Amino acid sequence: MSWVFLCDLLSGVNKYSTGIGRIWVAVVFLFRLLVYVAAAENIWKHEHDEFECNIKQPGCENVCFDHFFPVSHIRLWALQLIMVSTPSLLVVFHVAYRENREKHHNQKLYKNPGKTDGGLLCTYLISLILKTGLEIFFLVLFYKLYNGFKIPRLVKCNIKPCPNTVDCYISKPTEKMIFLYFLVATSCLCIVLNVSELSYLVFKYSIQCYLKRHVKNEQ
């Protein structure tokens with residue numbers, strides 16, 4: 001999978017982010033994207049081939065694997081990375097719209113098209129809410145699909161066409177568990193950063209609005 005588009009997107013959004021937003025971009029790029037591409041993808045690369053059951057009944061191993069791994073961990077993480085980064089496109093599109101509007105009217109309509117104020121601020125806040133919601137959604141989805149954040153060494157399967165309860169073994173469970181905890185932890189960190197940035201922006205602009213009103217009343 002090519003991640004060039006995602007890297008370009010994160011770099012573009014970084015120009016319009018606050019300090020907390022830049023930390024979020026760094027976490028996504030360094031601790032999620034690079035770890036995913038460099039290490040995690042290889043660990044789960046042959047998960048189906050390395051899943052073994054102590055019986056050679058035709059079809060048994062396949063249905064057991066599908067039962068315990070309804071969606072591949074690695075594909076779910078790839079989808080999560082793409083989805084949580086997509087709301088940032090709203091900010092990029094809004095800035096592009098401002099720049100296009102200035103070109104169309106052939107005059108300066110904004111002091112700085114990339115400054116987060118007015119409509120762009122609302123778009124930025126919506127993108128933060130969407131990113132936070134998607135992070136939480138994928139964590140809950142992951143938890144529900146795999147019955148928790150754990151990778152057992154042994155799973156017992158009694159689904160047809162298996163003739164009885166069979167033991168199935170997952171390869172490299174400890175290594176997979178370490179990366180699982182790491183990726184879940186970074187996802188939680190991203191949620192904290194998004195909520196912090198959202199709170200910071202709401203508080204900052206609430207204070208600014210209050211001060212403006214206060215000055216007007218004084219005048």
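It should be emphasised that the depicted structure is a prediction, and the values quoted were computed from it without experimental measurement.
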Starting at [atom1] of [X], measure out to [atom2] of [Y] and round the result to the nearest 0.5 Å.
X: Asn164; Y: Lys156; atom1: CG; atom2: NZ; answer: 10.5 Å
X: Thr186; Y: Arg32; atom1: OG1; atom2: CZ; answer: 5.0 Å
X: Ser85; Y: Lys131; atom1: OG; atom2: NZ; answer: 8.0 Å
X: Asn194; Y: Ser199; atom1: CG; atom2: OG; answer: 10.5 Å
X: Leu139; Y: Glu135; atom1: CG; atom2: CD; answer: 6.5 Å
X: Leu198; Y: Ile126; atom1: CG; atom2: CD1; answer: 11.0 Å

Nearest heavy atoms of [X] and [Y], plus distance in Å:
X: Ile151; Y: Pro173; result: O-CB, 3.9 Å
X: His73; Y: Phe142; result: CD2-CZ, 3.1 Å
X: Pro87; Y: Leu134; result: CG-CD1, 4.0 Å
X: Met177; Y: Lys150; result: CE-CA, 3.5 Å

- [ ] Report, as yes or no, whether the 6.0 Å neighbourhood of atom OH on Tyr200 holds more than 12 heavy atoms from other residues, nucleotides or ligands.
- [x] no

Task: Phe31, CZ atom: more than 12 neighbouring heavy atoms under 6.0 Å - done: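 Not buried by this count: 12 neighbours or fewer within 6.0 Å.
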
- [ ] Among Thr132, Val195, Val27, find the one that has a side-chain contact (heavy atoms from CB on, under 4.5 Å) with Cys190.
- [x]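 By the side-chain contact (heavy atoms from CB on, under 4.5 Å) criterion, Cys190 pairs with just one of Thr132, Val195, Val27: Val27.
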
Going hydrophobic residue to hydrophobic residue with side-chain gaps under 4.5 angstrom, can you get from [X] over to [Y]?
X: Phe138; Y: Leu145; result: yes
X: Leu154; Y: Val63; result: no
X: Phe137; Y: Leu130; result: no
X: Val25; Y: Met83; result: yes

Open item on the list: Under 4.0 Å between a side-chain nitrogen and a carboxylate oxygen: does that hold for Glu50 and Lys176?
Closed with: no

Open item on the list: Looking at Cys157 and Cys64, are the sulfur gammas closer than 2.5 Å to each other?
Closed with: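 In this structure, Cys64 and Cys157 share a disulfide.
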
Open item on the list: Determine whether Glu197 and Leu193 satisfy the following criterion, side-chain contact (heavy atoms from CB on, under 4.5 Å), listing intermediate values before the conclusion.
Closed with: CA-CA 6 Å; Glu197 187 176 17; Leu193 289 171; over 6 Å; no

- [ ] Keeping the roles fixed (side chain from Asp167, backbone from Asn54), state whether a donor-acceptor pair exists under 3.5 Å.
- [x]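 Not confirmed, Asp167 side chain does not pair with Asn54 backbone.
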
Open item on the list: Tell me if a side-chain donor or acceptor on Ser187 pairs with a main-chain N or O of Leu183 at a distance below 3.5 Å.
Closed with: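 Looks like no, no N/O pair under 3.5 Å.
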
Open item on the list: Would Val84 and Val28 count as a side-chain contact (heavy atoms from CB on, under 4.5 Å) here? Give the steps.
Closed with: CA-CA 10 Å; Val84 299; Val28 170; 5.7 Å; no

- [ ] Could you check Arg153 against Thr174 for side-chain contact (heavy atoms from CB on, under 4.5 Å), going step by step and ending with a plain yes or no?
- [x] CA-CA 8 Å; Arg153 289 179 169 81; Thr174 305; 2.9 Å; yes

Open item on the list: For a side-chain contact (heavy atoms from CB on, under 4.5 Å) check, start with the C-alpha distance between Asn158 and Cys162, then their side-chain angles and the critical distance, and finish with the verdict.
Closed with: CA-CA 6 Å; Asn158 58 0; Cys162 299; over 6 Å; no

Open item on the list: Which label fits Phe69 and Phe51: parallel for a plane angle under 30°, tilted from 30 to 60°, or perpendicular past 60°?
Closed with: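 Perpendicular, since the angle between the ring planes exceeds 60°.
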
